[in-house]
Participant: 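Have a look at this one.
Scope of the values below: all heavy atoms of this structure, side chains included, with no hydrogens, waters or symmetry mates. Letters go in sequence order (proteins before strands), and every chain restarts at 1.
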Protein chains: 2
Amino acid sequence: MRDIVRIGRVHLATDGAAALSLRAVARDLGVVSSAVYRYVASRDELLTLLVVDGYDELGDAVDAAVERVDRDSHAERMRAIGRAVRAWALAEPATYALLFGSPVPGYEAPAEQTTGPGTRVVGRLVEVWEDAWVAGAGSLPDAPVAPRRLARDLARIRKQMGITAPDALVARGMLAWAALFGCVSFEVFGQYGASTFTDPKDIFELHLDALVEAVGLG
Amino acid sequence: MRDIVRIGRVHLATDGAAALSLRAVARDLGVVSSAVYRYVASRDELLTLLVVDGYDELGDAVDAAVERVDRDSHAERMRAIGRAVRAWALAEPATYALLFGSPVPGYEAPAEQTTGPGTRVVGRLVEVWEDAWVAGAGSLPDAPVAPRRLARDLARIRKQMGITAPDALVARGMLAWAALFGCVSFEVFGQYGASTFTDPKDIFELHLDALVEAVGLG
DNA sequence: CGAAATGCAAGAGCACTGCTCTCTTTCGGC
DNA sequence: GCCGAAAGAGAGCAGTGCTCTTGCATTTCG
């Protein structure tokens with residue numbers, strides 16, 4: 001069982017998500033294909049196991065990185081999260097693609113199992129921003145955001161996550177969140193072009209600075 | 001031949017990229033599978049045709065949108081590009097996923113055919129920023145960017161694309177580019193969560209404003 | 001201690017996939 | 001009318017996900 005996930009991860013890293021074959025996993029396990037169906041209901045369920053596994057690993061990496069930084073250094077904590085996401089994504093591109101790339105066709109990750117681990121990263125980000133806000137370290141206006149229905153949506157989000165930070169910070173946070181994964185995806189998926197940068201980390205650090213500034217932690 | 005691409009697009013939209021089957025396309029075409037191989041060398045080549053097709057369609061959509069806006073309204077031109085990308089992505093999620101999502105396993109888009117159409121969107125963005133810069137409409141410092149090797153990379157990019165705008169604008173432009181696709185991907189791939197926003201366009205417009213501001217066109 | 005019940009893996013089989021090969025039909029130019 | 005090129009048909013190979021039945025252990029119960 002544990003072995004199935006382990007070998008599945010190897011295949012995922014080697015051949016990618018859509019090429020994940022239960023038969024091949026069974027072969028590597030030295031067992032016939034029907035035998036693994038005793039432990040895993042379907043290929044999709046194996047995919048779900050790998051999704052959860054990936055979210056957990058990313059979450060652990062982010063947790064470890066953020067805890068190494070002083071709790072009062074809000075900007076640096078945010079940078080640590082960004083760097084951890086990027087480093088993990090570059091180390092595990094196939095798993096990253098499974099989590100944040102195009103959905104695998106015909107496969108829908110069951111929400112009850114994946115939303116928990118899936119929100120760990122954004123949860124950490126929100127934690128940092130909220131900390132900065134209550135410490136008075138932010139520099140964003142606390143005026144409510146423009147369209148009223150959007151303000152209502154943001155109010156609901158604030159309530160759900162227990163945030164006291166104002167609309168502008170929540171909205172900017174979502175942008176920074178999406179932008180962070182946009183940058184990482186561009187780099188992992190090679191959208192920038194092959195040899196554009198001598199060291200891609202340079203431009204990432206610059207972007208990270210801009211995102212820190214965008215949420216008022218400059 | 002044209003029919004193959006046409007039906008391929010239908011299947012792409014219906015079942016997704018990895019489920020694209022040459023046999024199914026042949027069936028819909030009322031022809032046996034081997035007959036399709038007279039026109040398309042492999043499944044990967046069909047995928048490449050669809051990639052080029054998708055880039056072209058997105059490029060056309062962006063071109064049409066940006067040309068409807070006055071050439072001097074730089075911020076509004078940038079917004080038009082962003083809106084066009086989002087609208088097209090939501091209308092053609094499968095093709096969008098093929099272009100900007102996880103790479104299809106075992107398939108590498110041949111650069112010589114795809115880089116041309118693939119750079120149309122970013123080319124338009126660069127055009128807008130460069131226009132704004134030469135018109136003196138930007139509000140970004142023109143100090144060179146921090147690490148020297150990054151400055152060299154950016155200088156090479158400027159030369160390649162014929163840009164006169166300073167490092168800071170080029171770097172911020174790349175961030176805005178990645179952030180734009182990050183936002184769109186989050187929305188198309190459902191990373192935000194299912195029913196977070198009453199109208200997702202609200203938050204997108206807000207993010208668009210922030211990106212316009214980030215490149216100094218606020 | 002022997003028998004029954006249970007757990008687990010094997011193997012065959014179905015329908016599908018990409019792709020290659022050979023055979024046959026069809027159609028246009030001379 | 002004929003001949004060659006073009007294009008579809010069909011069989012076949014190796015792979016896939018998944019189901020079902022069979023057989024072999026081990027464990028539990030009478």
Side-chain angles (χ1 to χ4, degrees), chain A residues 1-54 94-95 97-98 101-110 113-114, chain B residues 1-54 94-95 97-98 101-110 113-114:
Chain A
M1 180 63 208
R2 263 278 168 271
D3 289 341
I4 294 175
V5 174
R6 186 174 47 80
I7 294 183
R9 286 189 49 176
V10 174
H11 282 200
L12 183 64
T14 310
D15 310 313
L20 187 88
S21 148
L22 256 171
R23 282 182 124 109
V25 171
R27 258 197 307 276
D28 275 23
L29 213 63
V31 110
V32 89
S33 76
S34 58
V36 309
Y37 278 92
R38 212 157 279 279
Y39 302 93
V40 172
S42 67
R43 197 193 90 117
D44 282 5
E45 191 179 298
L46 176 56
L47 231 35
T48 300
L49 291 175
L50 291 170
V51 166
V52 174
D53 198 67
T95 310
L98 179 60
S102 7
V104 181
Y107 167 72
E108 187 100 21
Q113 293 171 54
T114 54
Chain B
M1 180 66 209
R2 264 277 166 272
D3 288 342
I4 294 175
V5 174
R6 185 173 50 79
I7 293 183
R9 288 189 48 177
V10 174
H11 282 201
L12 184 64
T14 310
D15 310 312
L20 186 85
S21 146
L22 256 171
R23 281 181 122 110
V25 170
R27 260 197 306 277
D28 276 22
L29 215 62
V31 113
V32 90
S33 78
S34 59
V36 177
Y37 280 89
R38 294 248 172 228
Y39 303 92
V40 172
S42 67
R43 197 192 89 117
D44 283 4
E45 192 180 296
L46 177 56
L47 231 36
T48 300
L49 291 175
L50 291 170
V51 166
V52 174
D53 199 66
T95 310
L98 179 60
S102 8
V104 180
Y107 167 71
E108 187 100 20
Q113 293 170 55
T114 54

Participant: Rounding to a whole Å, what distance do you find between His11(A):NE2 and dG15(D):P?
Facilitator: 14 Å
Participant: In whole Å, what is the span from the CG atom of Leu46(A) to the P atom of dG17(D)?
Facilitator: 10 Å
Participant: Does Leu49(B) form a side-chain contact (heavy atoms from CB on, under 4.5 Å) with Asp53(B)? I'd like the steps, not just the answer.
Facilitator: CA-CA 6 Å; Leu49(B) 291 175; Asp53(B) 199 66; over 6 Å; no
Participant: Summarise how protein sits on nucleotides 17-27 of chain C as a single string, 5' to 3': B when a protein heavy atom is under 4.0 Å from the base, S for sugar-phosphate-only contact, - for no contact.
Facilitator: BBBBB------
Participant: Have a look at Val31(B) and say if it touches a base, only the backbone sugar-phosphate, or nothing, with a 4.0 Å heavy-atom cut-off.
Facilitator: sugar-phosphate
Participant: Applying side chain to side chain contact (heavy atoms under 4.5 Å, CB included) between Leu50(B) and each of Leu20(B), Thr95(B), Ile4(B), report the one that passes.
Facilitator: Leu20(B)
Participant: Rounded to the nearest 0.5 Å, what separates atom CG in Leu46(A) from atom CZ in Arg43(A)?
Facilitator: 8.5 Å
Participant: How long is the span from the CG atom in Leu12(A) to the CD1 atom in Ile7(A), to the nearest 0.5 Å?
Facilitator: 13.5 Å
Participant: Strictly by side-chain hydrogen bond (donor to acceptor under 3.5 Å, both in side chains), give each pair with a member in residues 20-29 of chain A just once, sequence neighbours left out.
Facilitator: His11(A)-Asp28(A)
